[in-house]
Amino acid sequence: MLKVKKLVKSFDGFLAVNGAELTVEKGQIVAVIGPNGAGKTTLFNLITGHLVPSEGTIEFKERDIKALSPHKICHMGISRSFQLINIFPKLTVFENVQVSILSRKRKILNMFSPTNKMLVEETYRILEKVGLDDKAQLLSTSLSYGDQKILEMAIALGNEPELLLLDEPTAGMSPEETASTIKLVKELARSEGLTILFTEHDLDVVFGIAEKIMVMQQGKTIAQGLPADIRANKLVQAAYLGEEF
Amino acid sequence: MDFSAILSQFPDLYTLAGQFFVGMSRAMILFVVAAGLTVVMGVLRIVNFTHGTFYMLGAFIAFSVAQWLGGSSGFWLALLIAPLIVAALSFVVESTLMRRIYDQPRLMQLLLTYALVLAFNDLIKIVWGVHYKSMANPIPGSISLGGATLPSYNLILLAAGPLVALGLWFFMSRTMMGKLCRATATDREMVDALGINSKQVFASVFVLGCYLAGLGGTLIAPTTNIVIGMGMGIIINAILVVVVGGLGNVWGALVVSFIFGIGESFGVLFAPRFALVFPFLIAATLLMIRPSGLMKSVW
Amino acid sequence: MSTLFARFTEAKKILLLLLILAALLVMFFIPTFLSKYSVYLLTVILFTALLATSLNISLGYGGMLPLHQAVFFGVGAYAAALLLNKSPLPPWLSFLAAPLVAAGVALVIGTVCVRLRGLYFGMMTLAMGQLVWAIVYRWYEFTGGDDGIHGIAVPQVLRSIPAAYYTALIVFSVCLLIIYIILNSPFGIALQAVRDNHQRCESIGINIRHHQLIAFVLAGFFSGVAGVLFVILERSVSPSLLFWTKSAELLIMVLLGGMFTFLGPTFGAAVIIVLGVFLGVITEYWLLVLGTVLVLLILFLPQGVLGFVKEKISSSAPERKGVDKYAQG
């Protein structure tokens with residue numbers, strides 16, 4: 001479904017991504033791991049079009065997407081959540097998700113229908129799924145940190161993506177929140193038939209849900225494969241030497 | 001094609017040279033004002049509409065000082081004193097008002113400085129009355145430069161620009177305070193972390209910038225009618241010079257002031273009535289080509 | 001949230017609606033009992049309020065920094081004046097065409113500006129706006145230069161202050177209703193999403209530049225409508241309508257009223273104009289008073305007066321204090 005080949009991104013000569021390789025098949029849950037500064041978030045930004053690669057190719061459903069702008073890539077079926085909270089602070093929880101659905105249905109240029117009566121059921125369906133339905137009418141910034149991270153994911157779900165990118169979905173969460181979020185991601189993948197690509201710091205989480213793992217170090221892909229193979233890989237062990245593994 | 005007909009319409013070389021020097025003189029005034037503004041905008045990150053007001057104040061104070069002293073030496077003393085008075089006033093404004101809004105959203109800062117413009121306009125009206133003032137030219141007569149005749153006073157203006165540029169360069173690169181300013185402009189948190197009082201740096205920069213505004217006002221005073229509202233026109237041009245030249249970049253301000261001055265003075269030759277249009281046209285074009293300024297911006 | 005009414009309960013909503021209807025009813029009968037000058041003043045307030053509200057489409061709802069909205073007001077007024085005086089078009093068609101001209105100019109300026117962000121956006125609007133001003137100021141043959149245009153051929157029926165007042169009242173009400181509908185439509189919600197978070201909008205499939213440009217053009221259109229109302233009342237135009245200080249006045253009105261409330265700009269416009277008239281009678285130096293009041297407001301009440309009041313009465317959910325960082329672009 002997604003094929004990244006020999007991807008390079010340089011910022012004024014600094015190679016943030018330097019030879020990333022990644023293949024994601026339909027229905028898979030794939031994790032990208034690597035030490036801090038390995039280029040994981042940059043890789044995500046390249047895939048979603050927020051950055052333009054210096055070299056290499058990104059193919060999604062057999063189409064080259066590397067020169068497309070983010071909103072076009074989104075309409076092709078890739079949606080994402082962000083590492084830092086990235087929601088609409090002055091909109092309610094309900095509107096946060098609703099606007100994402102409106103965008104997918106290409107209704108955002110409609111100027112004359114009152115929005116508060118549109119797509120109510122669909123929006124609530126997503127909010128129920130992630131467990132935010134009882135907080136729908138609150139201002140998004142009044143949610144707790146953990147709930148804002150969940151909302152982050154709910155916004156991405158509003159796009160009904162085929163491929164969902166989650167950038168550290170549990171970053172900053174308490175252990176309980178982390179556990180329930182992981183459960184949620186697993187459930188979503190099953191019930192929605194989603195393909196998921198995620199980055200994560202917590203290796204327990206990674207090995208708990210990933211069906212395939214790609215390891216980056218200094219912008220390069222040093223290994224890619226099944227969790228068991230990755231665990232046994234010497235290169236990966238070397239990269240993580242001194243860190244919990 | 002009849003070239004002689006075209007040539008006869010084309011202004012002769014002396015006229016061109018004359019226009020060039022006139023344009024340069026205007027450019028230099030604009031530069032002196034914009035240099036002050038670019039330092040303020042670079043370090044304080046505030047779009048300061050009051051800068052135009054300090055320019056206007058410079059002109060009014062220069063008028064009063066010269067009148068009070070009388071004689072031909074009046075202007076020269078005013079040149080020394082008036083900008084300093086403006087700087088002192090700006091210190092009061094900084095320490096009572098400006099420093100309270102450094103953390104406010106940009107729009108609020110903008111409005112505060114505009115509110116001050118309104119208030120100061122009326123204060124000037126109260127002090128100096130509504131009628132325009134004019135000052136005697138300290139060096140009457142004209143001289144010949146490169147075949148073009150030019151008011152002698154313009155030599156002062158032509159010298160002022162490079163002097164200010166050199167002075168600022170010296171201040172920024174050779175003095176401790178200047179280095180602090182640059183450091184604060186690029187990384188305020190770092191400066192704070194080093195235990196340096198960035199408040200003091202801000203105040204100094206604001207006063208320095210307003211001194212230059214006052215200097216610009218003093219310099220232009222003998223060549224024009226001193227009127228309320230004279231700051232309204234130059235402030236927009238100065239802001240555009242700063243933005244197009246790269247925020248906080250003195251050399252950028254110099255280059256863009258040149259372009260504006262030359263553009264306007266040659267505009268006068270070819271489309272006299274639309275000379276006013278040229279600076280805005282140039283600014284819009286340059287912003288389209290280089291949205292973040294011709295030279296490096298510190299923002 | 002997005003609307004003035006949003007946090008109110010149903011009962012409060014109905015109450016507010018009744019209040020608005022009552023206000024309109026009073027407004028309707030005003031010329032029968034108020035002085036001519038008061039009616040004139042109300043007309044000025046009406047078109048200025050429309051102008052300030054249109055500015056707030058791009059400022060408060062779109063998160064842009066349009067530092068020179070008055071240009072579209074001026075272009076609308078000049079277009080109406082020129083069409084009435086120089087074109088064979090029937091007057092009503094001239095009135096319709098003038099806002100379209102303003103929208104056209106907004107399209108050109110907007111196309112250039114939406115490529116830029118934040119302060120640079122603001123600076124570009126300022127440069128382009130002053131460019132238009134300079135052309136109007138100097139193009140004597142066409143615009144009358146710094147003299148402006150006087151004795152505009154406004155149809156006879158509209159040439160009285162009550163007629164201008166009723167026109168302004170009707171147009172103002174209709175336009176505000178339309179703007180309200182637009183801001184609460186999917187387009188409006190998406191516009192507020194763009195204001196709140198550019199990056200996130202891109203990744204849910206919204207073309208930000210496109211969206212902001214449409215909002216900018218809409219704002220230009222409604223500013224143009226305000227310009228037409230100005231021409232009907234004053235029957236003359238001058239370049240000062242598009243000088244940048246006029247735009248600064250508008251920003252003051254919007255910020256005074258509160259830029260995240262729908263009726264804030266209307267309120268701000270009314271306050272500033274009334275203040276100007278009353279203080280103008282008392283003192284020659286009313287701008288000094290205004291400047292001082294503004295400084296105090298900015299230092300102590302940065303969310304705007306109506307924003308402040310709204311915060312006090314709607315206690316159902318916490319509102320973020322002050323003007324949000326996103327609004328500065």
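Because the structure is a prediction, the values reported are computed rather than measured. Sequence lines set the chain letters: A, B, ... in the order given, protein chains first and strands last, and positions in each chain run from 1. Basis for what follows: all heavy atoms, side chains included, without hydrogens, waters or symmetry-related copies.
Ranked by heavy-atom pairs under 4.5 Å with chain C, the list A/Lys107, A/Met118, A/Glu152 is led by A/Glu152. Top candidate by heavy-atom pairs under 4.5 Å with chain C, chosen from A/Leu109, A/Asn116, A/Thr48, A/Asn96, is A/Leu109. Looking only at heavy-atom pairs under 4.5 Å with chain A, the residue among C/Ile214, C/Ile182, C/Leu218 that has the most is C/Ile182. Contact count against chain C (heavy-atom pairs under 4.5 Å) is highest for A/Met111 among A/Arg80, A/Met111, A/His75, A/His50.
Residue A/Leu102 touches chain C through its side chain alone, counting heavy-atom pairs closer than 4.5 Å. Looking at C/Ile208, there are no atoms closer than 4.5 Å to chain A (heavy atoms on both sides), in backbone or side chain. Proximity to chain C (any heavy atom under 4.5 Å) is restricted, for A/Asn159, to the side chain, taken from C-beta onward. Within the 4.5 angstrom heavy-atom criterion, no atom of C/Leu191 approaches chain A.
A donor atom on one side chain and an acceptor atom on the other are found under 3.5 Å apart for A/Thr199 and A/Asp167. Looking at A/Thr115 and A/Gln98, their side chains never bring a donor and an acceptor atom within 3.5 Å of each other.
Note: A/Phe112 and C/Phe187 fail the aromatic proximity criterion, with ring centroids not under 6.0 Å apart.
The cationic group of A/Lys9 lies under 6.0 Å from the six-membered ring centre of A/Phe11 and within 45° of the ring axis, placing it in a cation-pi geometry.
Of the inter-residue distances, the one linking C/Asn197 atom CG with A/Ser140 atom OG reads 10.0 Å to the nearest 0.5 angstrom. Atom NZ of residue A/Lys149 and atom CG of residue A/Asn86 lie 9.5 Å apart, to the nearest 0.5 angstrom.
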